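Inspection log for the structure reproduced underneath, given as structure tokens.
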Amino acid sequence: MTTNADEPQTRPRRRAPAGAAVLREDVTEAIRAAVFEELAAVGYARMSIEGIARRAGVGKTAVYRRWRSKLHLVLDVVSALAVQGLPAPDTGSLEGDLRLLYEVTSRALRHPVASQIIPDLQAEAARNPDIAEAMQKALREGQDGVASKIVVAAEQRGEIRTGFDAELALDLISGPLYWRSVVIRSPKLPKGYLGALARATAEALKAL
């Protein structure tokens with residue numbers, strides 16, 4: 001009799017499935033959720049696979065079957081967070097698309113868990129080149145994937161000229177809100193800030 005490592009520790013043992021091991025999606029999601037809780041509670045440096053497994057209600061083997069280290073686990077979760085929750089706006093205008101993007105991004109960045117995790121991972125990135133590289137890749141891919149769709153749609157509608165500087169456009173879209181929400185950690189955005197930011201960014205993009 002073998003043990004399915006994905007079974008919660010409180011359940012009886014079952015025979016492992018024949019052939020390739022089956023990774024249960026509900027267990028995977030439980031582990032991902034536990035990573036956020038553990039990061040918010042103790043930070044990356046003190047976080048452990050044991051602590052994550054305990055929070056998720058699984059054995060350590062279930063974690064290691066999916067990720068070979070806590071670094072790879074955290075980077076996978078950060079990458080998924082960067083992509084998930086961001087819309088692909090289609091309001092029919094550049095300013096409207098930017099406003100929707102900023103509203104969703106602002107809520108995500110100001111979430112209590114995210115506001116604790118992101119600064120902690122930034123601090124770790126300053127000491128660990130692997131984390132720095134992976135965080136940059138994950139966050140830029142997530143944000144840039146959506147921002148790229150916004151500028152391409154605006155180009156197709158004739159709102160911005162063809163041949164614009166794509167890298168500069170993405171920096172203009174992503175930079176200001178990240179600076180205010182994550183770097184200086186403004187406790188509250190001024191009234192009308194997101195709308196004004198969307199208008200200003202739209203005008204800046206049209207001037208490229």
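Predicted model only: the values in this text are computed from it and were never measured.
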Closest heavy-atom pair, P176 versus I173, reported as atoms and distance to 0.1 Å, is CD-O, 4.2 Å

To the nearest 0.5 Å, atom CZ of F36 lies from atom CD1 of I52 at 11.0 Å

Here the gap from R55 atom CZ to E38 atom CD, rounded to the nearest 0.5 Å, amounts to 4.5 Å

R180 charged N/C atom sitting above Y193 aromatic ring, 6.0 Å / 45°: yes

All heavy atoms of E159 vs all of K206, minimum pair found to be O-CG, 3.3 Å

message = Under 4.0 Å between a side-chain nitrogen and a carboxylate oxygen: does that hold for D76 and R32?
response = yes

For I31 and R66 the tightest heavy-atom approach is CD1-CD, 4.0 Å

For A125 and A132, the nearest pair of non-hydrogen atoms, with its separation, is O-CB, 3.4 Å

Taking R99 first and then E103, would you say they form a salt bridge - that is, a charged N and a carboxylate O separated by under 4.0 Å?
yes

Item checked: Flag side-chain contact, heavy atom, 4.5 Å: V74 against W67 -> no

Smallest heavy-atom separation, A56 atom then A30 atom, equals CB-O, 3.8 Å

Quiz item: Does T105 reach the side chain of V146, with side-chain heavy atoms less than 4.5 Å apart?
Solution: no

CG of L94 to CD of E155, rounded to nearest 0.5 Å, is 11.5 Å

Between the OG atom in S106 and the CG atom in L101, the distance rounded to the nearest 0.5 Å is 10.5 Å

Side-chain (D97) to main-chain (I150) donor-acceptor, under 3.5 angstrom:
no

inquiry  = Can a side-chain donor-acceptor contact be found between T201 and Y102 if the only test is distance below 3.5 angstrom?
reply    = yes

### Query
So, does K70 use its side chain to make a donor-acceptor pair with the main chain of Y44 at under 3.5 Å?
yes

**OP:** Could you check if a side-chain atom of R65 sits within less than 4.5 angstrom of a side-chain atom of T61, using non-hydrogen atoms only?
**Re:** yes

CZ (R46) and CG (L39) are apart, to the nearest 0.5 Å, by 12.5 Å

Heavy-atom side-chain contact between L98 and L205 under 4.5 Å: yes

| request: Would you mind reporting whether L208 and I160 have side-chain heavy atoms less than 4.5 Å apart? | output: no

S69 and I49 have their tightest heavy-atom pair at C-CD1, 4.3 Å

Here the gap from E95 atom CD to S93 atom OG, rounded to the nearest 0.5 Å, amounts to 6.5 Å

